[in-house]
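Inspection log for the structure reproduced underneath, given as structure tokens.
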Amino acid sequence: MNRKLLMFLAIAAVTTAPALAESMDDQGNGSESSKPRGFRFFDNHLTIKPYVAVSYTYDSNIDSQRKADDDNIFCVTPGADFTWRGDRWELAGSLWYRYNAYCDYADEMDEQSYGESLAYKWSNVGEEGKGWNLLLSERYQYISQSDSLMSGDGRGIWRDRENFVGSGVLERRFTDLWHASVMGQYYWLDYKNDAGKYAPLFGWSQFAAGIEAGYAASRWTDLLISGGFSDYTQKNGRGYRNYSNDSQVWTAQAGLGTHATEKITYRALVGASWLDYGDEASDAGWTYQLSANWRITRQLQLTLLGNS
């Protein structure tokens, strides 16, 4: 039996500076509780929040196998988040680096990971409910195989991998009742299969596009219909040459998007999907999409997601 003992200790240190000016809450009123901590620049429009997180783990069986090898692992993660706000727009991003240092197996297991993300949103919707909303985002990550340290995968299960995702949503509000939006997304994942003695893992990419239209039946409830298309391309390995690398998915859904209260929103959509897999097989079935968001405070939100 593969027995494992894990002990984990984490310390997070956040480097901040006193706010240079009062922040404004949603109603435009200064509030001590709403002051974001961090370095402030350009008349408080730019906020930068650097941080450092440090953790220690003792693993009694780093490979999760019968012949157990133990080790002490230290992990340090420096990074920074920033937010830059204008009159109708906001740009938020993050940059981070992580290094896992093994005391006894440094040459074989020391790993580093890093990543960045950006999100831009802009809106010119007026009080009458007409206008445009735009959201653009991207994220890149290079993740070491040892990121699954706590789940007991050990060496030889994961691979170093990098992934990128970019997405955009453009919404038009024609009136305070009618609105429509288009979206697009690109996702790319690549595994570094340099360890030749292990079976390869297959990377893949996806392009997705969709449309959605809605009618505000009341102040609290939107009636929604949506449709989408996705194209997947897989990196094939030996033994899979009889299949195409490409698969496609079409979806159609309808449902509700609503405010339960001023701070709680949710979406509930159901519909059908059609899948064409590798030009060799096809399938169809029901699909659903559920989400809920509770904005507890300006700095704290709780989100629940579920889909088929």
Side-chain angles (χ1 to χ4, degrees), residues 10 12 14 16 19 22-38 47 49 51 53 79 81-86 88-94 96 115 117-127 129 131-139 165 167-173 176-181 183 185 208 210 212-226 228 251 253-271 286-308:
V14 180
T16 62
E22 286 190 345
S23 62
M24 306 302 288
D25 61 19
D26 291 340
Q27 288 71 41
N29 301 317
S31 170
E32 289 295 324
S33 62
S34 64
K35 287 182 180 178
R37 300 174 64 85
T47 302
K49 303 176 183 179
Y51 62 87
D81 301 325
F82 78 89
T83 304
W84 198 344
R85 293 186 175 92
R88 293 182 175 272
W89 59 271
E90 178 180 295
L91 178 66
S94 65
W96 61 272
S117 65
L118 285 173
Y120 173 81
K121 57 183 179 182
W122 169 84
S123 175
N124 71 346
V125 177
E127 294 181 358
W132 296 88
N133 289 310
L134 175 66
L135 175 63
L136 302 172
S137 65
E138 63 84 25
R139 184 185 71 230
V165 58
S167 63
V169 179
L170 178 63
E171 180 191 42
R172 171 62 173 172
R173 302 200 72 87
D176 58 346
L177 299 178
W178 292 96
H179 57 89
S181 61
M183 63 81 65
Q185 176 178 286
E212 181 177 282
Y215 173 75
S218 71
R219 178 190 176 191
W220 301 105
T221 304
D222 275 2
L223 305 179
L224 302 173
I225 57 172
S226 68
T251 61
Q253 294 180 321
L256 301 176
T258 184
H259 290 259
T261 68
E262 291 286 352
K263 294 187 176 182
I264 298 177
T265 61
Y266 67 89
R267 287 165 55 91
L269 300 174
V270 295
W286 296 105
T287 183
Y288 68 86
Q289 178 188 127
L290 300 173
S291 65
N293 182 269
W294 178 19
R295 187 174 184 181
I296 303 172
T297 67
R298 182 176 180 179
Q299 291 81 21
L300 180 62
Q301 298 187 58
L302 175 65
T303 299
L304 302 175
L305 301 173
N307 62 69
S308 57

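The residues of the chain are indexed from 1 along the displayed sequence. The analysis underlying the following values was restricted to heavy atoms, covering all of them including side chains, and did not include hydrogens, waters or symmetry mates. This is a predicted model, so every value here is computed, not measured.
For the residue pair S308 and T287, a side-chain donor N or O sits within less than 3.5 Å of a side-chain acceptor on the partner. Remark: the H179 side chain and the D222 side chain contain an N/O donor-acceptor pair separated by less than 3.5 Å.
Shown here for N307 and Q289, the closest heavy-atom pair between the two residues is CB-CA, 4.2 Å. Taking each heavy atom of L305 and S291 in turn, the nearest pair found is CD2-CB, 3.5 Å. Across all their heavy atoms, V125 and G131 have their closest contact at CG2-C, 3.9 Å. The two residues L224 and G214 come nearest to each other via the heavy atoms CD2-CA, 3.8 Å. Of all heavy-atom pairs between L118 and G93, the closest is CD2-CA, 4.0 Å. The minimum heavy-atom distance linking L170 with W132 is given by the pair CD1-CE3, 3.7 Å.
Distance CD/Q301 to CZ/R295: 6.0 Å, rounded to 0.5 Å. Expressed to the nearest 0.5 Å, how far CZ of F82 lies from NZ of K49 amounts to 12.5 Å. Between the CH2 atom of W220 and the CD1 atom of I264 there is a distance of 10.0 Å, given to the nearest 0.5 Å. Taken from CG in L256 to CZ in R267, the straight-line distance is 10.5 Å, to the nearest 0.5 Å.
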Practice task
Could you walk me through whether D81 and Y51 pass side chain to side chain contact (heavy atoms under 4.5 Å, CB included), step by step?
Solution key: CA-CA 8 Å; D81 301 325; Y51 62 87; 4.1 Å; yes
Practice task
Take W122 and L91, measure what side chain to side chain contact (heavy atoms under 4.5 Å, CB included) needs, and give me the verdict at the end.
Solution key: CA-CA 9 Å; W122 169 84; L91 178 66; over 6 Å; no
Handout entry: Derivation and outcome, side chain to side chain contact (heavy atoms under 4.5 Å, CB included), residues L134 and W89
Key = CA-CA 9 Å; L134 175 66; W89 59 271; over 6 Å; no
Practice task
Start with the C-alpha distance between T47 and T83, add both sets of side-chain angles, then the distance that settles side-chain hydrogen bond (donor to acceptor under 3.5 Å, both in side chains), and finish with yes or no.
Solution key: CA-CA 5 Å; T47 302; T83 304; over 6 Å; no
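The one candidate from L135, N133, L136 that meets the side-chain contact (heavy atoms from CB on, under 4.5 Å) condition with K121 is L135.
When the shell of 6.0 Å around CG of L290 is examined, it contains more than 12 heavy atoms from other residues, nucleotides or ligands. More than 12 heavy atoms of other shown residues, nucleotides or ligands fall within 6.0 angstrom of atom CH2 in W96.
For S94, the side-chain hydrogen bond (donor to acceptor under 3.5 Å, both in side chains) test picks out S117, with sequence neighbours left out.
With hydrogens and angles ignored, the 3.5 Å screen pairs no side-chain donor or acceptor of N293 with any backbone N or O of T265.
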